[in-house]
Amino acid sequence: MKTELRALLVGAAGRMGEAITASAGEVLIIPCELGDDISAAMRGCDVAIDFSHADVTESLCAAATECQKPLVIGTTGHSQKQLEVINSAASKIPIVFASNFSVGVNALFALTQRAAGLLGEDFDIEVTEAHHRMKKDAPSGTAKTLLQILKESRKDAELIHGREGNVGARAQNEIGVHSIRGGDTVGDHTVIFAGSGERLELTHKASSRETFARGALRAAHWVIDRDPGLYDMRDVLGLK
């Protein structure tokens with residue numbers, strides 16, 4: 001693994017940016033904020049790590065493609081158009097695009113996929129997630145990834161975001177989604193499989209952003225010299 005790495009960090013002043021800088025070790029972090037010239041900064045790095053804002057996606061992907069630099073994107077809350085920009089750029093450069101860089105969360109993804117296949121449609125599914133009061137998007141990117149995995153097993157599933165009032169009995173094809181915001185919660189995610197007489201819950205709780213920072217830096221090392229393509233953290237960890 002390459003140890004000396006120059007990483008452009010877009011969104012260096014944010015919560016995740018500060019965590020990555022603190023965990024960088026031998027990686028040289030080049031900070032970049034939203035008002036900076038991303039194209040100019042991109043030329044001096046080996047890889048770019050983005051934890052800024054979805055609105056930066058177009059200029060970030062354009063700069064990385066122009067300079068032929070790999071990307072690690074951890075920003076969430078992208079629109080469909082922004083997702084298409086990422087997919088287009090991935091045909092020219094390697095991109096690791098993940099909703100969560102934690103090893104434990106990616107194990108949760110794999111376990112959720114396995115449990116959904118084993119338990120089948122006799123079990124009702126609910127997903128809950130909790131984050132700090134400052135998080136702007138809901139549900140979280142990690143919860144959206146869990147829902148994508150679940151919908152692979154329940155292709156006719158209807159997502160129900162919270163419930164209020166006399167909503168009637170639960171339909172069999174529902175997947176309930178619930179977002180909690182408060183305090184300084186780093187990130188909790190639970191997938192509930194509720195059957196007749198039993199319930200299975202898969203839960204991951206993060207107590208520090210350091211685990212996400214280490215994962216993002218691991219992805220930055222991994223993506224160097226990869227072929228163009230769109231990868232996620234499960235590729236980095238060999239879980240596929």
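Residue numbers run from 1 in the order of the sequence given.
Counting non-hydrogen atoms of neighbouring residues, nucleotides and ligands closer than 6.0 angstrom, the CD atom of Glu58 reaches no more than 12 such neighbours. The local environment of CZ in Arg114 is sparse, with at most 12 non-hydrogen atoms from other residues, nucleotides or ligands closer than 6.0 Å. Counting heavy-atom neighbours within 6.0 Å of Asp225 CG, excluding the residue itself, gives a total of 12 or less. Annotation: Lys92, atom NZ; neighbour count of heavy atoms from other residues, nucleotides and ligands within 6.0 Å is above 12. Within 6.0 Å of CG in Asp184 there are 12 or fewer heavy atoms belonging to other residues, nucleotides or ligands. Sparse packing is recorded around CZ of Arg199, with 12 or fewer heavy atoms of other residues, nucleotides or ligands lying under 6.0 Å away.
For Asp235 (side chain) and Asp232 (main-chain N/O), a donor-acceptor pair under 3.5 Å exists by modelled atom type. Panel note: side chain Gln172, backbone Glu121; a donor-acceptor pair is recorded below 3.5 Å. A donor-acceptor contact shorter than 3.5 Å links the side chain of Glu33 to the backbone of Ala12. In this structure, Glu129 contributes its side chain and Ala143 its backbone to no donor-acceptor pair below 3.5 Å. Counting only distance, with no hydrogens or angles, the side chain of Asn173 and the backbone of Asp156 share a donor-acceptor pair below 3.5 Å. One N or O on the side chain of Asp46 and one on the backbone of Arg6 form a donor-acceptor pair closer than 3.5 Å. Judged by distance alone, with hydrogens and angles left aside, the side-chain atoms of Thr65 form no donor-acceptor pair with the main-chain N or O of Ala62 at under 3.5 Å. The backbone N or O of Ala54 sits less than 3.5 Å from a side-chain atom of Thr57, completing a donor-acceptor pair. Here the side chain of Arg154 pairs a donor or acceptor atom with the backbone of Gly120 at under 3.5 angstrom. In terms of modelled atom types and a separation under 3.5 Å, the side chain of Ser88 and the main chain of Glu84 share no donor-acceptor contact.
Nearest heavy atoms, Met42 versus Ala48: SD-CB, 3.7 Å. Shortest non-hydrogen contact noted between Val167 and Glu164 is CG1-O, 3.1 Å. Heavy-atom minimum distance, Leu217 versus Ala24: CD1-CA, 3.7 Å. Closest non-hydrogen pair, Ile30 versus Gly44, comes out as CD1-O, 3.5 Å. When all heavy atoms are compared, the tightest approach of Ser140 to His131 is CB-CE1, 3.4 Å. Taking all atoms of both residues into account, the shortest heavy-atom contact from Asp188 to Ala206 is OD1-N, 4.0 Å.
Taking SG from Cys67 and CG from Leu8, the interatomic distance works out to 10.0 Å, rounded to the nearest 0.5 Å. Distance check: Thr75 OG1 to His53 NE2 gives 9.0 Å after rounding to the nearest 0.5 Å. If you take NE2 on His132 and CD1 on Ile180, they are separated by 14.0 Å, rounding to the nearest 0.5 Å. Note that CD of Glu126 and NE2 of His178 are 4.0 Å apart. Values are rounded to the nearest 0.5 Å. For the atom pair Leu71 CG and Ile93 CD1, the distance stands at 4.0 Å (nearest 0.5 Å). Taken from NZ in Lys205 to NE2 in His189, the straight-line distance is 12.5 Å, to the nearest 0.5 Å.
Under a hydrophobic-cluster definition in which Ile, Leu, Val, Met, Phe, Trp and Tyr are linked whenever side-chain heavy atoms come within less than 4.5 Å, directly or via other members, Leu159 and Leu83 are assigned to different clusters. Hydrophobic clustering (side-chain heavy atoms under 4.5 Å, transitive across Ile, Leu, Val, Met, Phe, Trp, Tyr) keeps Phe109 apart from Ile192. Hydrophobic clustering keeps Leu237 apart from Ile149 (ILVMFWY residues linked when any side-chain heavy atoms are closer than 4.5 Å, directly or through intermediates). In the hydrophobic cluster analysis, where Ile, Leu, Val, Met, Phe, Trp and Tyr join through side-chain heavy atoms closer than 4.5 angstrom, Met233 is grouped together with Ile224. In terms of hydrophobic clustering, with Ile, Leu, Val, Met, Phe, Trp and Tyr side chains grouped at heavy-atom distances under 4.5 Å, Leu146 and Leu118 are assigned to different clusters.
By the 4.5 Å heavy-atom criterion applied to side chains, Tyr231 and Pro70 are not counted as neighbours. Looking at heavy atoms from C-beta onward, Glu18 lies out of side-chain contact with Arg209 at the 4.5 angstrom threshold. Two residues are said to be in side-chain contact when any heavy atoms from C-beta on lie closer than 4.5 Å; Leu34 and Ser52 meet this criterion. Residues Asn100 and Thr145 are not in side-chain contact: their nearest non-hydrogen atoms beyond the backbone lie 4.5 Å or more apart. Ser99 places none of its side-chain heavy atoms less than 4.5 Å from the side chain of Lys144. Contact annotation: the side chain of Met16 never approaches that of Phe101 to less than 4.5 Å [non-hydrogen atoms, C-beta and beyond]. For the pair Phe193 and Leu202, the minimum side-chain heavy-atom distance is below 4.5 Å. Between Phe51 and Val10 the shortest side-chain heavy-atom distance does not fall below 4.5 Å.
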Under the side-chain contact (heavy atoms from CB on, under 4.5 Å) criterion, do Phe123 and Leu200 qualify, and how do the steps go? CA-CA 9 Å; Phe123 282 73; Leu200 171 66; 5.6 Å; no

Would Val186 and Glu210 count as a side-chain contact (heavy atoms from CB on, under 4.5 Å) here? Give the steps. CA-CA 10 Å; Val186 175; Glu210 183 181 350; over 6 Å; no

For the pair Thr185 and Arg133, evaluate side-chain contact (heavy atoms from CB on, under 4.5 Å) and give the outcome as yes or no after the intermediate values. CA-CA 8 Å; Thr185 307; Arg133 64 165 66 94; over 6 Å; no

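By the 6.0 Å and 45° rule, Arg226 stacks over the aromatic ring of Trp222.
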